[in-house]
2 protein chains.
Amino acid sequence: MARKPLTNPRKYASQDRSRATVDALVEATARILIREGFDKASTNRIAEVAGVSVGSLYQYFPSKEALVAALIDRHNQEVRQVVQGELAEAVNAPVEQAVRKLVAVAIKAHRIDPKLHYVLAEQIPRVGRLEKVETFNREYYALFKDYLESRRDEIRAVDLGLAAFVCVTSIEALTHTAVLHHKIVSDEAMNALIDEATRLIVGYLMN
Amino acid sequence: MARKPLTNPRKYASQDRSRATVDALVEATARILIREGFDKASTNRIAEVAGVSVGSLYQYFPSKEALVAALIDRHNQEVRQVVQGELAEAVNAPVEQAVRKLVAVAIKAHRIDPKLHYVLAEQIPRVGRLEKVETFNREYYALFKDYLESRRDEIRAVDLGLAAFVCVTSIEALTHTAVLHHKIVSDEAMNALIDEATRLIVGYLMN
DNA sequence: TCAAAATACGAGCGATTATTCGCTTTTGAT
DNA sequence: ATCAAAAGCGAATAATCGCTCGTATTTTGA
C-alpha cells in the first residue's frame, strides 16, 4: 500500500477535526448548489461558506467534481435508507399493494430534500458524467423485474423486462415531476397521485 | 421602432452574408454541444468552429445564452413541424388510435436529432433558466387535456387535468428514455414500445 | 464609380476560476 | 513537556472565460 508521492497527497480524514472539515465542505456545497446554483459553486466560495480555507478543501478533495460526487453519495445514502427499509415489505405483497407501496415510497424519496434532488438531477449531469443516479435507477429496475418474475402467473405482459422498464420509468417520471415541478402541497393531492399512478400500473400489469 | 442606443447595438441579420454567419454560429454551437459538451462551448471556440471571429458573434448574439437559446428555438421549430402535422389527424380519432398516434409521434420527435435533444435536455437547464422546453410540454399537456374533454364520456377518470398529467408525463418519459438512453435500434423494439405504451395509457383511460 | 452602411476581424481587457505551496497551528502519543 | 505528524491557512499562479472596440473589408444603392 505504497503512498502516492508527495505531488498528489490527497488525504483521508482521520482525526475528529478533519472529519468536521470534510462535513462542513460537503454541507456548504449543498447549500450553495441549492441557494445559488451550480455556477456560483466555485471552490473558493465553497471553502468560504464552509468556514475553511481553500487549501484545506484540496487536502481532502482532489477536485471540485470530487466534492459534488461526495455530496451525491451522501444524498443517495439517505434515499437508499428510506427506500430499502420500506421496500422490504412490498416484495411479498400482492401486486396492487406492492405497486401502491412502490409509488408511495418513490414520492417519499423525492421529498427527502427536493431542492437538492432538483439541482442534482437537472444541473449536475454536465459535470464529467456522474452516472451515480443512473446506477441507482438500474438497481430499482432490477428489483422490480425480479418481483414481476416472482408473480409471473398473475402478470399479463410477455416481456417482463420491457414491462419493468415501462413501470419503473413511468413511476419515476410521475413522482419526480409531481414533487419537483408541480409541487404537491396537500396530502389530498399526494393521495390522488398515488391512486392514479397505482391504477395506471396495476391496470397495465393485470388487465 | 427606435433603435437601441449605440451602447448595445446587437444587430439583426439583413444581408445574405450575415445570414450565413448567423447560421454558421448556431450550427457550430450545436456541433460543439454534441461533440464536446457544454463546458467546451466557449464563445471563442464557437466562433472558431464557425469560421468566424468572436467580434462577429457578438454582433448578432448579445450573449452566449442568446446563442444557445437560438439553437433551442431552431430545434423546437423542427420538432413542432413534425408534431403538428401528424397530430392534426389524431384529434378526431378514437382513443386507442389517437393514443397510438401520439406515442408514435413522440418517438419520431425524439428521433429528429437525438444527441442534440439529449444535450439540450440534460446539460442546458443550468443556463439562466431556459424554460422553452417546459413551455413546449405545457402546450402538449393542454392539447391532450382538450382531447380528453372532447371524449369525456368514454373516459373513466374523474379529474381530466390529473389524467392528462399522468398520460403526458408517462409518454414523454417512456419515449425520451427509450430513445435517448436505452437506444431503440430495431423497428421491432420500437413497435413493441408503441404497443406497450398504448396499452398502458388506453387501459388507464378506459378500463 | 464611390461613399456610406453593413459586416467582419481579433488582440486584448478585466474578471473569475481551479489549484498549488510554503508556512503556521493543532493534535496526540510518548 | 516534547515533537513529529496531521490539519489548516491564504496569497499567488496560470489558465480560461465572456466580451469590447478600434480597425479593415465587403456590400449596397445611387
Side-chain angles (χ1 to χ4, degrees), chain A residues 1 3-26 28-29 32-33 36-71 123-124 126-128, chain B residues 3-26 28-29 32-33 36-71 123-124 126-128 130:
Chain A
M1 51 175 77
R3 285 284 167 81
K4 290 180 179 180
L6 280 174
T7 43
N8 53 346
R10 299 301 123 71
K11 296 189 184 178
Y12 201 74
S14 63
Q15 296 184 4
D16 276 357
R17 190 170 44 138
S18 56
R19 278 257 176 81
T21 299
V22 169
D23 283 353
L25 284 166
V26 175
T29 305
I32 295 176
L33 284 181
E36 309 176 38
F38 188 91
D39 292 333
K40 298 292 174 65
S42 69
T43 50
N44 284 295
R45 177 123 184 79
I46 291 172
E48 177 193 327
V49 169
V52 153
S53 85
V54 227
S56 296
L57 186 157
Y58 278 94
Q59 247 172 9
Y60 305 104
F61 299 97
S63 70
K64 187 184 162 184
E65 292 186 12
L67 204 38
V68 176
L71 174 61
Q123 293 198 335
I124 296 306
R126 69 198 185 90
V127 179
Chain B
R3 285 285 168 81
K4 290 180 178 178
L6 280 173
T7 43
N8 54 347
R10 298 303 125 70
K11 295 189 186 179
Y12 201 75
S14 63
Q15 296 182 4
D16 275 358
R17 189 168 47 137
S18 55
R19 277 256 175 82
T21 300
V22 169
D23 283 354
L25 284 166
V26 175
T29 305
I32 295 175
L33 284 180
E36 308 177 37
F38 188 91
D39 292 332
K40 298 293 174 63
S42 69
T43 50
N44 285 298
R45 177 122 185 80
I46 290 171
E48 178 193 327
V49 170
V52 153
S53 85
V54 227
S56 296
L57 187 157
Y58 278 94
Q59 245 169 14
Y60 304 105
F61 300 96
S63 70
K64 187 183 162 185
E65 292 187 12
L67 204 38
V68 177
L71 175 62
Q123 292 198 337
I124 297 306
R126 69 198 185 91
V127 179
L130 299 173

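In what follows, every chain begins at residue 1, and chains take the letters A, B, ... in the order their sequences are listed. Values in this document were obtained by computation on a predicted structure and should not be read as measured data.
- Side-chain atoms of I46(A) and V52(A), non-hydrogen and from C-beta on, never get closer than 4.5 Å to each other.
- In terms of phosphate contacts, Y58(A) brings a side-chain nitrogen or oxygen within less than 4.0 Å of OP1 or OP2 of dT19(C).
- As a whole-Å value, the separation of L25(B) CG from dT7(C) P is 13 Å.
- Looking at heavy atoms from C-beta onward, Y60(B) lies out of side-chain contact with L67(B) at the 4.5 angstrom threshold.
- The side chain to side chain contact (heavy atoms under 4.5 Å, CB included) test applied to D23(B) returns no partner, not counting sequence neighbours.
- In this structure, the side chain to side chain contact (heavy atoms under 4.5 Å, CB included) partners of A70(A), at least two apart in sequence or on a different chain, are V26(A), F61(A).
- In this structure, I46(A) places its CD1 atom 17 Å from P of dT16(C), rounding to the nearest Å.
- Separating the CG atom of D39(A) from the C1' atom of dT16(D) is a distance of 15 Å, rounded to the nearest angstrom.
- Residues satisfying the salt bridge (Lys or Arg N to Asp or Glu O under 4.0 Å) test with R45(A), not counting sequence neighbours, are E36(A), E48(A).
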Under 4.0 Å protein heavy-atom contact, by nucleotide of nucleotides 25-30 of chain D - B base, S sugar-phosphate only: -SSS--
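- Between Y12(B) atom OH and dT7(C) atom P the separation is 12 Å, expressed in whole Å.
- Using a 4.0 Å heavy-atom cutoff across all strands shown, S42(B) reaches sugar-phosphate atoms only and no base atom.
- In this entry the distance linking CZ of R45(B) with C1' of dG10(C) reads 17 Å, nearest Å.
- Applying the salt bridge (charged side-chain N to carboxylate O under 4.0 Å, His left out) test to pairs two or more places apart or on separate chains, none has a residue in residues 50-61 of chain B.
- When the P atom of dA7(D) is taken as reference, atom CG of D23(A) falls 14 Å away, rounded to whole Å.
- Protein atom CG of L57(A) is 11 Å distant from nucleotide atom P of dT20(C), rounded to whole Å.
- Between E65(A) atom CD and dA18(C) atom P there is a gap of 11 Å when expressed in whole angstrom units.
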For nucleotides 9-15 of chain D, give me every protein contact, N/O to N/O, under 3.5 Å, one pair per line with atom names.
from: dC9(D); atom 1: OP2; to: S53(A); atom 2: N; distance (Å): 3.0
from: dC9(D); atom 1: OP2; to: S56(A); atom 2: OG; distance (Å): 3.4
from: dG10(D); atom 1: N7; to: S53(A); atom 2: OG; distance (Å): 3.4
from: dG10(D); atom 1: N7; to: G55(A); atom 2: N; distance (Å): 3.4
from: dG10(D); atom 1: O6; to: G55(A); atom 2: N; distance (Å): 3.4

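- Here the closest heavy-atom approach between residue L33(A) and residue A41(A) is recorded as CD2-CB, 4.1 Å.
- When the nucleotides dG18(D), dC19(D), dA8(C) are ranked by their closest atom to the side chain of S18(B), dA8(C) comes out on top.
- Nearest approach of F38(A) to V68(A), heavy atoms of both residues: CE1-CG2, 4.4 Å.
- Between T21(A) and L57(A) there is no side-chain heavy-atom pair separated by less than 4.5 Å.
- One finds a side-chain N or O of Y60(B) lying less than 4.0 angstrom from the OP1 or OP2 phosphate oxygen of dA8(C).
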